[in-house]
Amino acid sequence: MINIDLGATAISVLTLFGIYALMSISLNLEYGVAGVPNFGQALFVSIGAYVAGVTYTRLLPLLAGMESVHPCGPTMGQALQLRSEIMATQPVAGFINLALTLVIAAILSGAVGFAVSYVTLRLKEEWFLALVLLVGGETVRIVVRGADDLICSHNGISSVAQPFYFLDDVQMSSILFMLLALALALIAYLYSQRLTHSPYGRMLKGLRENEEVTRGLGKGISLARAQIMLIGSAIAAIGGVLFALNTGFVNTNDYVVTLTLDVWVMVVLGGIGNNRGALLGAALIAIMDRVTQVAAIALNMSGSPIEFNYVRFIAFGIILLLMLRYRPAGLLPESRLTTIAHETAKRLTPGKTI
Amino acid sequence: MIKKLVSISLLLVMLSLLGAGIQAQDDIETYVLGIPLPFTGSFGSFGQDFERGILLAVSQMNAELEAAGSNIRFDTASADTEQTPEGAARALQTIAQTTGAQVVVGPLTTDEVLGAKQFADENGIVIVAMASSGPAASIPGDNIYRVIYPPDTFSSKAFATIALERGHENMVVLHVDDPFGNGMNEQFIANFQAGGGGEVASFGYAPQSTELSTEAAAVSAALAGFGDNAGFFCVCFPGAAQAFVQVAQVDPILTTVQWMGNEAMTTLEMLEDPGHAQTLINANFVTVSQSAASTPLTPIFNADFVAMFDKEPGIFTNYAFDAANIAMLTMLAAGNDGAAVKSMLPFISNHYIGTTVQAYLDDNGDQAIASYGIRKVSDDGTAFEVIGSYNGNTDTITYN
Amino acid sequence: MITVDHLTAGYGKLEILQDLSLAFAAEQFSAVLGPNGSGKSTLMKAIMGLNTIFSGSITLRTRELIGMQTEAISKLGIAYVPQRENIFTELSVLENLQLGVRILPRDQRENALNELFELFPILGRRKPQKAGQLSGGEHRMLAIAIAWLSRPTIMLLDEPSAGLAPAIATDVFNILKELSQQGITLIVVEQNARRILQHCDYAFVLREGRLMFDGSAQACLEDEETIKGYLGVH
Amino acid sequence: MPSSLLVTSLVNTIQIGSLYALMALGLTLTFSVIKLPNFAHAEYVTAGAYAALIISLAGVLNPLIIIAVAFLVGALTAVVSHLIVFKPLERQNVSLYTLILASFAVGLIIRYILFTIADYFNIFDLRIAIPLQILFRTGSLILTNLFAWVAPTSIVLVILLTLLINRTALGREMRALANNTILARVIGIPVERVKNYTWLLVGGMAGVAGALWGLQSAVSPLMGWAAIISVFAAAILGGLSSFPGTILGAYVVAFSENTIMLFLNFSYGVDLAYKPAIPFIIIIAVLLIRPQGLTQLLKRAGELGR
C-alpha cells in the first residue's frame, strides 16, 4: 500500500540533493571549468567521510578530558556516551565539532587535490589522470579498509550522528540538517559562480578548449588548475562529511567507483561547465534515485513479475546513453564562450590554423 | 528556477504515485513489511532468495488471517540496498517514507544493518535482520534485532571444538576479508588455541575475488609447512568457494587433509560438479550450520517454497521466512507501530519456534540460542546430510 | 574541375574560411598562396571533408562533396598529402606503399609499385625500414608516393617543400612538375610563393579566409602589389 | 617461500597471464584503433562466459564448441555496442571523457542484462563443468586438462591475432588506423569496415577469455568487472599501443598477483587480501614513471638481440 509521506520524502530528497550538489559543483569546477578529468571523486568524498568518522567519535571525548579514546576497542561505548552527553547538554560543543570537522576535511582534501593536479604535468596524456585518480581512489580505499584504527578497518565506524540528532524532535533535526546541507551547497554554488565568471575562470575555460595552448603556457596555468583542484577537492570533502553524517556510519564500501560515476552523470546530465547545470544534475539524480525505488516498490506490490531492481540499472544506463547522444551538452548547456576567452584563445595562437 | 523545477517535478511524481495507493479497501487494515535487501551486486542472488522466503511467509500469514476473519493483511515493500551501507539507509528511508512501514525484515550484511541504523533509531523503525552476525552490530537498546542467526562467537567455537576433536594440532584458515570472515577467523583462532590447539595460519581473500588459485597455493604451502595433523577451515562465499574447490581438487596437499567450511559453502551448486562433491567427501568436509537444525516445520517450509516458486529454497532462505514471521506476529500483537513492536519483539520472539530454532534474544537484541547442525556431504555426493548437532550454549557436540 | 561556392568552414565553433568561392580547372597545376592563418590548409581539409563546414558547397565536376565521408571522397580520385603526419610512421616503408596501392585492382598493384620505384628510387632501397626513421626528404617523397600510388586524377598537397633543404625542395618541385605532366590536376598550398609560381599554371591568394587574387601564375608574379601585400617578399 | 609454491605459482602465472593477455590485447586494440579506453570490455568477457555456461548446462561439453560459441557471443556483444553506441558518438566528435562515461554505461547495461538472465535461470557462481582429468603429475606440480585448454588456447589465439595484425592486409589497415586515423581516411581505407572487424576480434577474444575463465573458476555477472583493472594494468604496461608489450604486461601482472604476492605473504606477512591493490599500484606507477610502458624496454632488448 503506497502512502507517501510527502514532507519526510521532500526532506530526505532535498538533503540528498544538497549533498550531491556539493559533489557535482566540485566536479564541475574541476572538469567543467579547469578541464581536469577527476575520476577520483569518491576519493575526495571519502576523505571528508573518514575525517568525520574520526572527529565525531574522538574529538569531544578527548576535549572533555578522556585520556585515550579508541573507537574500535572496549572504551568505545564509554567515549560515545560521553560524546552524546556533551552534545545534548552543550549544543555549542556540537557545532564546534561540526565546524572543526568541516575545516579539517576541507584542508586535508584540498591539499591532496592540489598535489594531485601536479601529477598531471608528469603524465603523457591528459586522460591518464582520469585513470590514475580512479585507481588511486580504490587503492586508498583498500588501504583504509586494512588500517585497524582509523575507522575500524572493514567494520566501519558507526554512531557518526548528524549534528542535530540530539534534538528531541526528529523531524526538526532532519529539517535542520537539510537546511545545513542546502546552505553549504548554496555557498559552494555562489562561490563557484563567482569563480567561474571571474577573468581567471574565463581564462581557464578558454584554455580548456585548446589543449595545445595550455601545454605551451606551462607554469601559470598549472598553478591556476592546481588552485581549482584545491577548491574543488575541498568542496567534495565537505560533501563527504555531510554524506557520512547523513548515514551515521562510515564504511569504506560506500566510496567505490559507482559514487564517482554518479557524480559524473550529474555533471554530464546537467551541462558540463555550467554550475546551474551541476545543481540540476544533482537534483535529477537525487529525485531519480527515489522515483525508481518507489516505482520498484509500486511494481512489486502490484505483483509485477519483472525484477525491476535490475531494470532500474539498465534504464539508468540507457538514459545516460541517450543523453550523451542527443543532448551531449547537457540539459543546461554552457553558454557560448565569452568574448574574452575567445580572444585569449585567438591571441595565444597567432596565425595558426589550430 | 531550479528549486521550482525540483519541487514541481517532485510533487508531480509523488501525486501520480499517490493515485496508486488509494485502492485499499476500507474495512481491511494493511500493515506493510519493508524488505531492504541487496538485489544487485554480488549478493544479489541471496537478496532475491531471501525476498522469496519473506513473500512465502506473508502469503501464508495473509491466508491464515483471512480464514480467521481478521481484518488485518500484510503487504511487502522491497527496496535495493545496492549492497552498500549508504544504499541500505536510502532503501530504508524510501520504504518508510513511501509506505509508512514501521518494521523491516533485512538488510543482509552487518555493513548494511549499520548503514540503516541511524535512520531506524531516529524514526523508530524496527530492523529485523535475519543473517547479520558481525559483532559490530551487537549494541544494546537500539532498534536492531538480529533474530534467528546467532553471533559467530558460537559457531566459531563449534568449529574450534571439531578441529580439536579431529586431532588437528595446527590449522590453516582461508577467509573472506570482510567483517564476517575476519570476525570468524579471529574468534576461531582464540577458541582453537584456548582449547589447546597450536598455530593457525590465516589467509584473507579479497571479497570480489573470482579466481582463487593464488590463495589455494598459499593454503597448500602453509598446510605442507605444518606437516601431519593439520586441518583446513574455509570461510568463503559460494562463488569463491567454487573457484577454490576447482583449484584445490587436484592439489596434492589439500586433497589429503580434512576440511571444514562455513555454512555458505553448503549450497547445492557446490555439489553440481561431481569432481567437487568427491573432493569434499574425500576431505571429510563438515560444516556447522544453523540451517541444518531442523524442526518439524522445516520440511513443510521446503515443500511450500517449492510449490510457490518452483525452485528449491537457498541455504539461508528459511531464516528470512522465520524473521518475517516473528516481525508479523509482533505486529499483530503490538499493532503497526515501531515503538510498540520494539518493546514487544523480544517477547514474541522468545515464544516463537519456526523452521530453525527458537529465537531467544540477548540484551543486544541478538539471537542467544546457538543450536547448530553438523553436516557433511552424503555418500552419493548429491546433498548435505546432518550427522550431528552442536549446542552452543553448553558447548557440546552430539553425533547421531 | 573542383568548384568551391560560398564556402564558410573552420574548426569547432571557429570560422576560418569566409564565404569563399573559387574553381580549380582540370589538368592544371594550381597554387594556393597566402600568409599564415589565411585558410589555405583549411580549404584543403574542407575539400577532403576533414573539418566543419558551416555553409556553401564544394563540387567535383557536378558531384557535391560536402557531407561525404573522407574515405568516399578519396575513392573519387582525389589524393591529399597533409603537411604533417602524412605517412604511417609506425609501419614499414613497404607497408606504407602497400596501403597506397590498396585502392587499385589486385593485378595492377605490382606494376604500380615497380613504376613507383623508378620514380622514387630511394624508396626502393628503404623498403623494410620503419617509415618513422626516414630523413625529411625521404619522408616527403614517401608521403607524395602514397598519394600518387592510388592513381588519382587530382592531388592536393599541403606545403610539400616546407622545412626541406633547398636541394631537396628542388627535387620535390621536379616531382610536382613530373606529376603535372602526367596529366594530374595539382592543387598545391605553398609558402614559397615565388618558387611555386615559376612552376604552376594558376594561382589563388587567400587572406583571412577570403580570396584576394586569382589569375595565371604569370599574372600573379607580375602583380607586385599582391606579392608584396599578401605574400611577403621572397 | 617454499619451492613447491614457487612452481605452483608460476604455473598459475602462465594460466592467468594467458587469460589476461587475451583480454588486454583486445583492450589495447580498442584503444589504439578505435581510440577508446573501453570499460565495457569487462562485460564482453562475462557475456562470453555466460554463453559458454548456458550451452554447457544444455549438455554441450566439447570445449571447442564452447569456445566457438563464446567467441561469437562476445563478438556480437562488442559489435552491437559499437554500432548502437560508440559509432554514433564518435560521429558527433564527443570528448574522450564522454566516450569513457558511455563505455561505463554500456558496461552497466550489459552487466544487468546478464544479471537478469542469471536470475531467470538461477545460474550464479557455476562452473563450466567439463570433466577434469589429470594429464601430468610430478611432486607438487599437477597439470590438468583445464590447464591444457586454458593456457594453450589463449596462447594460440594471441599468436593468431599477432599474425593477423602483422601479416595480413586487414592487420596492416588496423595498424594504419591506429597510427594515423586521418591519413587512413585520406588514402581511402574503409575505416568503418576495419573498425567493425576490430570490434569483432576484440569482443570474440574477450568472450573466449570469459569461457576459459569459467572453465577454471566460477561464472558470475561480476566476473569481468572484477578482472578489468588487472587487464587495464596489463594494457598500460604495453603503453596501450604495443602488442608484444601488452602480452608481456599481462604476464607481469599475473606474476605480480601470484608469485610476488605469495612471496610478500610468506616473507613479510602481507595479507593476500591486498592482491587487488597490485594492479592498482602497477597502473599508477607506470603512468607516472614510464607512460610508454614496457615498449622501450622491449625495443632495447630487441636491439641487443640483433
Side-chain angles (χ1 to χ4, degrees), chain C residues 11-13 41 44-45 47-52 67-92 94-104 106 109 130-133 142-152 155-158, chain D residues 28-29 31-33 35 87-88 90-96 98 162-197 238-246 292-293 295-296 298-299 302-303 306:
Chain C
Y11 305 91
K13 295 173 193 163
S41 302
M44 300 230 145
K45 287 183 187 158
I47 294 172
M48 294 307 294
L50 286 169
N51 53 12
T52 320
M68 281 177 76
Q69 294 284 324
T70 305
E71 303 94 289
I73 294 174
S74 99
K75 287 229 170 66
L76 298 176
I78 306 179
Y80 165 55
V81 183
Q83 186 186 349
R84 272 170 294 166
E85 296 181 359
N86 45 22
I87 60 168
F88 298 105
T89 49
E90 295 290 320
L91 275 60
S92 75
L94 182 65
E95 285 176 326
N96 268 280
L97 298 173
Q98 283 169 336
L99 286 167
V101 290
R102 64 168 297 286
I103 213 166
L104 299 181
R106 214 168 269 276
R109 292 180 190 169
K130 204 167 148 187
Q133 294 168 344
L142 179 59
I144 297 172
I146 296 171
W148 178 76
L149 274 173
S150 65
R151 296 287 156 87
M155 281 180 79
L156 313 176
L157 294 102
D158 197 347
Chain D
T28 296
L29 211 54
F31 184 70
S32 51
V33 178
K35 316 288 178 208
K87 189 168 143 183
E90 281 164 21
R91 282 261 166 84
Q92 283 177 309
N93 269 328
V94 296
S95 80
L96 183 65
T98 306
T162 317
L163 284 178
L164 185 144
I165 284 165
N166 286 322
R167 297 286 162 82
T168 65
L170 175 65
R172 198 189 304 137
E173 289 169 3
M174 281 158 76
R175 278 182 295 135
L177 206 56
N179 186 203
N180 189 336
T181 318
I182 290 178
L183 188 62
R185 306 188 91 104
V186 163
I187 68 166
I189 291 178
V191 174
E192 291 310 327
R193 202 185 332 146
V194 177
K195 281 187 176 174
N196 289 343
Y197 280 123
L240 281 164
S241 58
S242 145
F243 298 110
T246 302
Q292 70 277 38
T295 3
Q296 292 304 111
L298 277 177
K299 257 185 222 156
E303 277 155 24
R306 249 179 243 160

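Letters go in sequence order (proteins before strands), and every chain restarts at 1. Worth knowing before you read on, the calculation uses all heavy atoms, side chains too, and leaves out hydrogens, waters and symmetry mates.
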Of C:Ile103, C:Ile78, C:Thr89, the largest count of non-hydrogen pairs under 4.5 angstrom with chain D goes to C:Thr89
Quick check on the structure: residues of residues 176-183 of chain D within a heavy-atom distance below 4.5 Å of chain C, by number. D:Ala176, D:Asn179, D:Asn180, D:Ile182, D:Leu183
Checking C:Ser150 against chain D: side chain, backbone, both or neither under 4.5 Å from a heavy atom? neither
The interface call for C:Ile146 against chain D, heavy-atom contacts under 4.5 Å, is side chain
Would you please go through residues 162-172 of chain D and name the residues with a non-hydrogen atom below 4.5 Å from one of chain C, in numerical order? D:Asn166, D:Arg172
Using residues 185-192 of chain D as the side-chain source, report each donor-acceptor pair under 3.5 Å to any protein atom, sequence neighbours left out, with the distance given to one decimal.
| residue | atom | partner | partner atom | Å |
| --- | --- | --- | --- | --- |
| D:Arg185 | NE | C:Glu71 | OE1 | 3.2 |
| D:Arg185 | NH2 | C:Gln69 | OE1 | 3.0 |
| D:Arg185 | NH2 | C:Glu71 | OE1 | 3.4 |

Any residue meeting ring-ring contact (aromatic ring centres under 6.0 Å, His included) with D:Tyr197, in chain and number order, not counting sequence neighbours: none
What distance do D:Glu173 atom CD and C:Glu95 atom CD have between them, rounded to the nearest 0.5 Å? 11.5 Å
Given heavy-atom pairs under 4.5 angstrom as the criterion, report whether the side chain, backbone, both or neither of D:Arg91 touches chain C. side chain
For chain D, which of C:Val81, C:Leu50, C:Thr70 has the most heavy-atom pairs under 4.5 Å? C:Thr70
